[in-house]
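A quick write-up on the structure given underneath.
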Amino acid sequence: MSSTDAISGQAFQYVEVAMPLPFRRTFTYRLMPELAPFVQTGARVLVPFGKRTLTGYATSFHNQLASDLDAETVKNVIELIDPEPLINGEILDLTKWSADYYVAAWGEMLKASLPAGINAAVESIFTVSDSGRLALLRAKSTKAGKWQILQHLVENGPTDQTDLGKLFGIATAKRATNELSRSGHVLTERETATAKVKEKRQKAVRLLSAQIPADAKPLNDVQKKIIYSLQTAGGEMLFTDLLERAESGASPISTLAKRGMIEVYIRDVRRDPLTGADLPEIDILTLNTEQAFVFGEIEKALSVGDYKAFLLHGVTGSGKTEVYIRAMRTALEMGRSSLMLVPEISLTPIFSRRLRAVFGQSVAILHSNLSPGERFDEWRRINRGEARIVIGTRSAVFAPLENIGLVIVDEEHDASYRQNESPFYHGRDVAVMRAHSANAVIVLGSATPALETYHNAQTGKYQYLQLQNRIGGRPLAKAELIDMRDVFKLAGKDVVFSQKLIEAIKETHRKGEQTIILLNRRGFSSFVLCRSCGESLRCKNCDITLTYHRRDRRIVCHYCNYHTEPPDVCPFCESEFLYFIGQGTEQLEDMLVNQFGDLRIARIDRDAMKRKGEMAKILLAFDKGEIDILVGTQMLAKGHDFHNVTLVGVVSVDTGLGLPDFRAAERTFQLLTQVAGRAGRGELPGRVLIQTYFPEHYALKHAVNQDFKGFYNEEIRYRERMGYPPFLVLAAILIKHKDDKYAVRSGQLLREALDRTNSDKALRILGPAAAPISRIKNEFRFQLIIKSPNRKTLRERVDNAIVEAETLGCDKRILQIEIDPVNLM
Ligand code: ADP
Ligand code: ZN
Ligand code: ZN
């Protein structure tokens, strides 16, 4: 939409601007007449905001001020950043919808939808004042951050906020510069830093004519070489390449240009994430009967051209990917574009190569391992309509593809679709909404669908499609539980590896095959488990594991704040072998090394992931058979295809079950099912050994039998009985501050305001209670948990309660609202 009124032909006076800050509302600014005709919705504008100058997003135009605003106080838009709007209408609507759905700020959602680095920043630059110099001289001790910063400014001259943040830590720098400017010790200037990522341009040279006019001077040697180089390179070269190839300086090139034989120009250089990548061969496969049926159903829906959602439930290795590729090709043939979301794992480069081999330059790739420049260029190719197929991780759901006909979410249950920082959103759920408003077909694929997704397939919201058999009829790995209570009784002491697992590892090695050992290291929190009966202590209100706090010897429920002393004996079997789990997992790899000194052992975890290339190197070595045992966390469970792995050992499955999270059972079931998919991918049969103190747990029992249906039936009953999703909507409000009393007070005020909006008790409100991680970086964390029958009631009451609580002194800035929280931590 442009800012000109279609009826009157006059430009509008006011624009509503969404700010990338935690505000649920937009802000009104005046458009000066000279700017007004050029501003369109979806464009970024620079506006004054409090004392700062910030970038916001134009969302709508009008001539009528709201009643609480008067024309005097409305400020002017300072500058228009994008003459061509960056955000199209569809993405504007989608981000608005997402912001409401997740009770988040529209501006933050808009910012999250754009490739990182594109947002123009306004940078504050600090200079020390005379009073600052004096104060520094007089200071008794200069240890505090603010003195350190003053010292830095004295020694290095004016410095911007970003650099100070890098040197002293972002929070420290911010706090100190605020304080210093308030006391007049520093002077602040602002300037617009241009976007960090830009188009990449390079000088290039093009051959116009190799013929020398008859009357002109002949060419000298260098000039000849230049022409020759250009001819052999096909008529065009980068300027720098030409200099090198022709061993020339710049001046012969400009002489030739003046003579009209060549032309120097500037060209856009595309940063292609797949430059130089080996593309795989494309196999021409014939779909098997199951695949053909599934594909037929999707094809039918595509030709209808309306919204339709499918759950594609297919065991690992059942050929889902092949179905996705065919469906995308079909959509493309119908003139519609496709969006495919994949989890954030290292698999993406392999898969994107495959897509590039099939679809060529129509594919754009948006994943987290791209450089900012590559991501920016891919995003622009999508924005310009050059790429019609997008494969990407979570935020690619906001890719500016036009005319979407098909959306695919692979491994739809994967936790990485959830954005774990503000603005919180779930890529899969936004994808469903996007498909809905674009009249597109959406396919949610998984071997272990999320409970909510499967529930939707049961109620008929999604059509259920199934691939029950692995390609080539390979059997799934055989899984067994090892009862660690027996192992404990027999050994009379703590053992990490059961004899059975040790034997299996040795046996596997003897046969020249490989082993994966999986640690469940998300178990940061301790809980109490009985070594004799395997029960763990749970909250009587919430049926959630109670967390053990060693420091004050208490067990606490992190949902409702119920707490008590840990019992001396097990309340179920009266055994005194209570086990405070959650310690010692770090030493597991060392123990393996001690136990199997002669085997080659490597480890993969989140730290290894961070070092670029490290993960790939280890995986490659493992694939080549240069490593015997690979130890890792959940990420090893996903996607990889190692043909010589025949044994998977799961060592600490109970730490996963013991998490104070209502999804603990579901997570464990998914993990074990995925892990079983890792063993026996090749010709050799696979085996999975799971060590547990609680073999009766339904998540384990059903995972061992690969029985999704059985698991679902038990889990859905638990969710219904205890009032968890999909039966109720859940929200978590995290309150964090370095002063615990301050945080609690804000939490209490919010709780009271919520209670007042909730006279009919439609919401169930729990807390504030200490969050499971009750303190991070010296900040105390508390949480309120809210259960609501629907989203609308939840959103309205939370929005209202926050406004009301704020007027009573609740500090809104320390609140973080999360709807459909995935990790209640
Ligand atoms: P999933 O995505 O369900 O885990 P994939 O699509 O990766 O499964 O398929 C597993 C393997 O089977 C791949 O190597 C794939 O190339 C192969 N495959 C898929 N469909 C067929 C088919 N119809 N005929 C032969 N091989 C196939
Ligand atoms: Zn017991
Ligand atoms: Zn509780």
Side-chain angles (χ1 to χ4, degrees), residues 278-299 310-330 338 340-359 363 389 391 393 406-414 416-417 428 442-450 453-454 464-477 516 619 623 635-645 648 670-686 688 706 708:
D278 289 333
L279 298 183
E281 306 238 330
I282 310 168
D283 300 325
I284 310 292
L285 303 173
T286 313
L287 295 185
N288 64 28
T289 324
E290 278 190 325
Q291 283 174 314
F293 175 78
V294 163
F295 174 62
E297 291 296 296
I298 298 171
E299 200 179 23
F310 292 100
L311 163 58
L312 174 53
H313 186 183
V315 295
T316 42
S318 59
K320 294 186 286 298
T321 311
E322 188 58 30
V323 172
Y324 300 148
I325 290 177
R326 302 252 174 154
M328 287 193 277
R329 193 185 291 149
T330 306
S338 302
M340 176 165 178
L341 298 184
V342 294
E344 236 169 59
I345 45 168
S346 55
L347 193 74
T348 319
I350 298 167
F351 185 58
S352 42
R353 276 170 212 200
R354 189 160 158 213
L355 282 188
R356 176 62 66 78
V358 178
F359 296 110
V363 181
I389 292 178
I391 167 172
T393 45
L406 175 67
V407 181
I408 291 163
V409 184
D410 190 27
E411 310 275 357
E412 61 83 31
H413 66 278
D414 195 272
S416 73
Y417 286 124
R428 174 198 61 215
I442 181 162
V443 181
L444 306 175
S446 176
T448 50
T453 307
Y454 193 79
Y464 183 68
L465 297 172
Q466 208 175 4
L467 293 174
Q468 282 180 291
N469 302 299
R470 276 184 155 183
I471 296 287
R474 272 172 222 140
L476 288 164
I516 289 179
L619 292 178
D623 195 36
M635 68 194 60
L636 262 188
K638 295 178 190 169
H640 308 293
D641 205 350
F642 301 113
H643 287 256
N644 198 35
V645 173
V648 176
Q670 285 167 348
L671 176 70
L672 293 180
T673 313
Q674 297 278 332
V675 123
R678 292 314 108 214
R681 299 279 284 189
E683 299 305 315
L684 306 162
V688 180
Q706 297 272 340
F708 180 85

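Counting starts at 1 for both ligands and their atoms, following the listed order.
- Distances shorter than 4.0 angstrom do not occur between any heavy atom of G314 and any atom of ligand 1.
- Considering both main-chain and side-chain atoms, T316 never comes within under 3.5 Å of ligand 1 through any nitrogen or oxygen pair.
- H413 is not listed as a side-chain neighbour of L444, based on a closest heavy-atom distance of 4.5 Å or more.
- Short contacts between ligand 1 and K320, defined as distances under 4.0 Å to a heavy atom of the residue, involve ligand atoms 1 (P), 2 (O), 3 (O), 4 (O), 6 (O), 8 (O).
- Taking every heavy atom of T286 and a limit of under 4.0 angstrom, the matching atoms of ligand 1 come to 22 (C), 23 (N), 24 (N).
- Of the listed residues (T289, L285, T321), the one carrying the non-hydrogen atom nearest atom 7 (O) of ligand 1 is T321.
- Put simply, the side chain of Q466 does not reach to within 4.5 Å of the side chain of V294, judged on heavy atoms.
- Among the candidates V323, L406, V409, the single residue satisfying the side-chain contact (heavy atoms from CB on, under 4.5 Å) test with V443 is L406.
- Here the OH atom belonging to Y454 is positioned 12.5 Å from the CD atom belonging to E412, to the nearest 0.5 angstrom.
- Contacts between I471 and ligand 1 below 4.0 angstrom, taking non-hydrogen atoms only, involve the side chain exclusively.
- When each atom of ligand 1 is checked for a heavy atom of N288 under 4.0 Å away, the hits are 23 (N).
- Ring pair Y464/F310: centre-to-centre distance not below 6.0 Å.
- The shortest heavy-atom contact between T316 and A447 is N-CB, 3.8 Å.
- Note: an N/O pair closer than 3.5 Å links S318 and ligand 1 by distance alone.
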